[in-house]
Amino acid sequence: MNATHFEGSLPAQEFSNILLDEVENGIYRLTINRPKTLNALNADTLKEMDAAIEILEADPSARVLLITGAGEKSFVAGADIEHMSHLTPIEGKAFAEQGMRIFRRLETLRIPVVALVNGYALGGGCELAMSCDFILAAENAKFGQPEVNLGITPGFGGSQRLTRLVGRAMAMELLVTGRTMSAEEAMRRGLVNHVYPQAELADEGMKLAAMIAGKSSSAIQLTKQLVQRGQDLDLDNACVMESDLFGLSFSTEDRQEGMSAFLENRKAKFS
Ligand code: CO8
């Protein structure tokens with residue numbers, strides 16, 4: 001499929017700051033494509049990401065989304081500092097709200113979203129990676145929230161998601177020093193699931209995506225809802241939700257097929 005142009009039931013779409021391609025059936029890859037600025041995020045890039053999410057939401061065959069950055073040096077080196085340098089306080093707030101809304105939309109997309117961090121994930125880049133369901137990193141990846149060096153705070157959810165992911169004390173250390181973490185440290189602190197040599201990251205991402213795409217998509221979507229919605233509920237209510245969605249999963253064809261396949265000693269073929 002063409003990397004930026006969609007036909008058929010999807011609206012024709014041309015992007016200039018991102019690439020969206022369906023690498024294999026149901027496996028999509030979104031690449032932030034501004035390598036001259038190390039893939040910094042400006043308002044136009046965010047708008048295109050929003051449009052890409054719309055395409056994925058409208059495609060019932062979508063199974064997994066991989067997000068990465070163009071080039072070998074950077075995932076996303078933050079919000080675009082040149083763009084931000086011209087903003088008034090009101091415009092700065094609007095820019096933060098735009099990023100917040102889009103990252104949240106990504107986070108709550110019905111399919112799993114995996115960040116392939118192939119270099120710098122700083123500021124808005126770290127915030128983007130943390131909005132994904134999980135992160136695979138290349139050995140050269142660097143994570144951090146260096147906003148204090150620019151005299152600003154995080155604005156795309158970094159202070160909140162980092163605290164939830166690595167705990168308050170470590171989040172505070174990273175936020176107030178602005179220091180960067182290596183991929184290995186980020187994995188040790190629970191931010192990153194796996195670290196691979198740079199040359200293997202894309203293939204490892206595809207292997208993982210293919211594994212996810214081969215499972216029951218209805219079960220995966222319900223599971224994502226459980227984790228996403230459950231993490232901010234108290235345990236009693238979260239467990240009620242789990243019983244409800246467990247019951248709901250029994251209404252699916254995939255449940256019929258998955259259990260029949262097990263009992264007939266064959267591999268399940270999910271619809
Ligand atoms: N924005 C705009 N341009 C950038 C950015 C950025 N975040 N990062 C790099 N670039 C540009 C550089 O200006 C340079 O451009 P040019 O070639 O025209 O001079 C090009 O990318 C290459 O960068 P360097 O020459 O600096 O490359 P180095 O290898 O020497 O350094 C670094 C790489 C360490 C990543 C360095 O570029 C750097 O420190 N970048 C800034 C990182 C940063 O501070 N990120 C956080 C930004 S703040 C943020 O993300 C807040 C998010 C919330 C916003 C809320 C809305 C209000």
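Each ligand, and each atom within it, is numbered from 1 in the order the structure gives. Since we're looking at a predicted model, the values are computed, not measured.
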So, for atom 1 (N) of ligand 1, does the protein have a heavy atom nearer than 4.0 Å?
yes
For Gly123, the ligand 1 atoms whose distance to one of its heavy atoms is below 4.0 Å:
46 (C), 50 (O)
Any carboxylate oxygen within less than 4.0 angstrom of a Lys/Arg side-chain nitrogen, looking at Arg188 and Glu185?
no
Any non-hydrogen atom of Pro146 lying under 4.0 Å from ligand 1?
yes
When you look at Thr252 and Asp254, which way does the side-chain hydrogen bond (donor to acceptor under 3.5 Å, both in side chains) test go after all the steps?
CA-CA 5 Å; Thr252 63; Asp254 281 357; 5.6 Å; no
For atom 8 (N) of ligand 1, state which one of Gly125, Pro35, Ala77 supplies the nearest heavy atom.
Ala77
Residue, atom and distance of the protein heavy atom nearest atom 10 (N) of ligand 1 read Thr37 O, 3.5 Å
Quick check: does any side chain N or O of Lys142 sit under 3.5 Å from a backbone N or O of Ser74, one acting as donor and the other as acceptor?
no
Heavy-atom closest pair (Cys126 atom, Gln145 atom, distance to 0.1 Å) is CB-OE1, 3.2 Å
Given 3.5 Å as the limit, does a donor-acceptor pair link the side chain of Thr68 with the main chain of Leu116, or not?
yes
Salt bridge check: are Arg110 and Glu57 linked by an N-O gap of less than 4.0 Å?
no
Using a 4.0 Å heavy-atom threshold (strictly under), name the region of Leu150 that reaches ligand 1: side chain, backbone, both or neither.
side chain
Backbone N or O of Phe134 within a donor-acceptor pair of the Asn193 side chain at under 3.5 Å?
no
Looking at Leu122, which atoms of ligand 1 are within less than 4.0 Å of one of its heavy atoms?
35 (C), 42 (C)
Return yes when at least one protein heavy atom is under 4.0 Å from atom 24 (P) of ligand 1, and no when none is.
no
Within-cutoff protein neighbour (heavy atom, under 4.0 Å) for atom 5 (C) of ligand 1:
yes
Taking C-beta and beyond as the side chain, do Thr45 and Asn39 meet within less than 4.5 Å on heavy atoms?
no
Exercise check, heavy-atom protein proximity under 4.0 Å to atom 13 (O) of ligand 1:
no
Which bit of Lys93 gets closer than 4.0 Å to ligand 1, counting heavy atoms only: side chain, backbone, both or neither?
neither
4.0 Å protein heavy-atom contact status of atom 38 (C) of ligand 1, strictly under
no
Backbone or side-chain N or O of Gly124 under 3.5 Å from ligand 1 N or O
yes
State whether any protein heavy atom lies less than 4.0 Å from atom 50 (O) of ligand 1.
yes
Is it true that Arg29 and Glu22 make a salt bridge, defined as a side-chain N closer than 4.0 Å to a carboxylate O?
no
So is there a nitrogen or oxygen of Ala79 less than 3.5 Å from a nitrogen or oxygen in ligand 1?
yes
Does atom 28 (P) of ligand 1 have a protein heavy-atom neighbour under 4.0 Å away?
yes
Within less than 4.0 angstrom of ligand 1, does Lys36 place any heavy atom?
yes
Considering heavy atoms of the protein only, find what lies nearest to atom 55 (C) of ligand 1 and give residue, atom and distance to 0.1 Å.
Gly155 CA, 3.5 Å
Out of all atoms in ligand 1, which are within 4.0 Å of some heavy atom of Gly92? Include the element for each.
57 (C)
Can you check atom 16 (P) of ligand 1: any protein non-hydrogen atom closer than 4.0 Å?
no
Ionic contact status for Arg266 with Glu257, cut-off 4.0 Å
yes
Is there a donor-acceptor contact under 3.5 Å from the side chain of Lys267 to the main chain of Phe262?
no
Considering distance alone, does some N or O of Lys73 sit under 3.5 Å from an N or O of ligand 1?
yes
Output the list of atoms in ligand 1 that are nearer than 4.0 Å to some heavy atom of Met84, sorted by atom number.
48 (S), 54 (C)
Sidechain N-carboxylate O distance under 4.0 Å for Arg34, Asp80
yes
So for ligand 1, is Ile81 a polar contact partner (N or O within less than 3.5 Å, distance only)?
yes
Please list, in number order, the atoms of ligand 1 under 4.0 Å from a heavy atom of Glu127.
52 (C), 53 (C)
Is Tyr120 touching ligand 1 with its side chain, its backbone, both, or neither, if touching means heavy atoms under 4.0 Å apart?
side chain
Quick one, Cys132 and Val113 - any side-chain contact, counting heavy atoms below 4.5 Å?
yes
Does the side chain of Val114 reach to within under 4.5 Å of the side chain of Ile135, using non-hydrogen atoms?
no
